[in-house]
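Here the structure is a predicted model, which means the values were calculated and not measured.
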Amino acid sequence: VYNKISKQKMDAQKAMMKAYFALMKAVNEGNASDKEIDRLLNEYLKAKQANKDSDKGEADEYRKVLPGTKVAKLYVA
């Protein structure tokens, strides 16, 4: 279970960071059009949501094999 969850989480995080850095580069360089910035922002927000969805899916998978207290400790410890 852990390896499956870990890979999904890592893939979601990588996609989010890739989109973030592309957006940051476009904004900082200042030579991208508004249309391009909007497209990059939408990609980033979509990747960020996928990362959040991955967290929820991760918790759901852990709940199948661990008690709630131990699952909560994974997020607050």
Side-chain angles (χ1 to χ4, degrees):
V1 171
Y2 176 78
N3 289 338
K4 175 185 164 191
I5 292 170
S6 182
K7 177 162 177 20
Q8 290 171 346
K9 179 67 178 164
M10 192 169 28
D11 290 346
Q13 189 113 23
K14 279 183 186 179
M16 184 182 77
M17 293 309 295
K18 182 179 177 183
Y20 171 79
F21 284 117
L23 176 61
M24 187 173 70
K25 181 180 177 186
V27 169
N28 287 337
E29 288 179 356
N31 57 2
S33 67
D34 279 346
K35 189 174 185 175
E36 179 67 9
I37 295 290
D38 283 343
R39 184 186 69 75
L40 291 169
L41 177 59
N42 287 336
E43 280 183 23
Y44 169 68
L45 293 174
K46 186 174 162 183
K48 188 174 178 181
Q49 183 62 47
N51 192 43
K52 286 173 69 175
D53 293 345
S54 172
D55 283 342
K56 182 170 178 351
E58 178 181 72
D60 291 343
E61 288 295 316
Y62 281 131
R63 284 184 185 115
K64 291 177 182 177
V65 294
L66 295 172
T69 303
K70 288 191 178 190
V71 174
K73 285 182 181 180
L74 292 171
Y75 293 91
V76 297

Just distance, no hydrogens or angles: give the donor-acceptor pairs under 3.5 Å from side chains in residues 14-28, sequence neighbours left out.
{"from": "Asn28", "atom 1": "ND2", "to": "Met24", "atom 2": "O", "distance (Å)": "3.3"}

> Is Asp60 salt-bridged to Arg63, cutoff N-O under 4.0 Å?
Replying inline: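 Salt bridge: yes.
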> Listed by chain and number, what are the salt bridge (Lys or Arg N to Asp or Glu O under 4.0 Å) partners of Asp55, not counting sequence neighbours?
Replying inline: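 Asp55 satisfies salt bridge (Lys or Arg N to Asp or Glu O under 4.0 Å) with Lys9 once adjacent residues are dropped.
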> Taking only residues two or more places apart in sequence, or in another chain, which ones meet Lys52 in a side chain to side chain contact (heavy atoms under 4.5 Å, CB included)?
Replying inline: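 Lys52: side chain to side chain contact (heavy atoms under 4.5 Å, CB included) contacts with Gln49.
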[atom2] on [Y] to [atom1] on [X], rounded to 0.5 Å:
{"X": "Glu36", "Y": "Asn31", "atom1": "CD", "atom2": "CG", "result": "10.0 Å"}
{"X": "Glu58", "Y": "Asp53", "atom1": "CD", "atom2": "CG", "result": "12.5 Å"}
{"X": "Asn42", "Y": "Ile37", "atom1": "CG", "atom2": "CD1", "result": "11.5 Å"}

> Are Lys46 and Glu43 close enough that some pair of their side-chain heavy atoms sits under 4.5 Å apart?
Replying inline: no
>> For the backbone of Ala59 and the side chain of Tyr75, can you confirm whether one donor and one acceptor N or O come within less than 3.5 Å of each other?
In response: yes
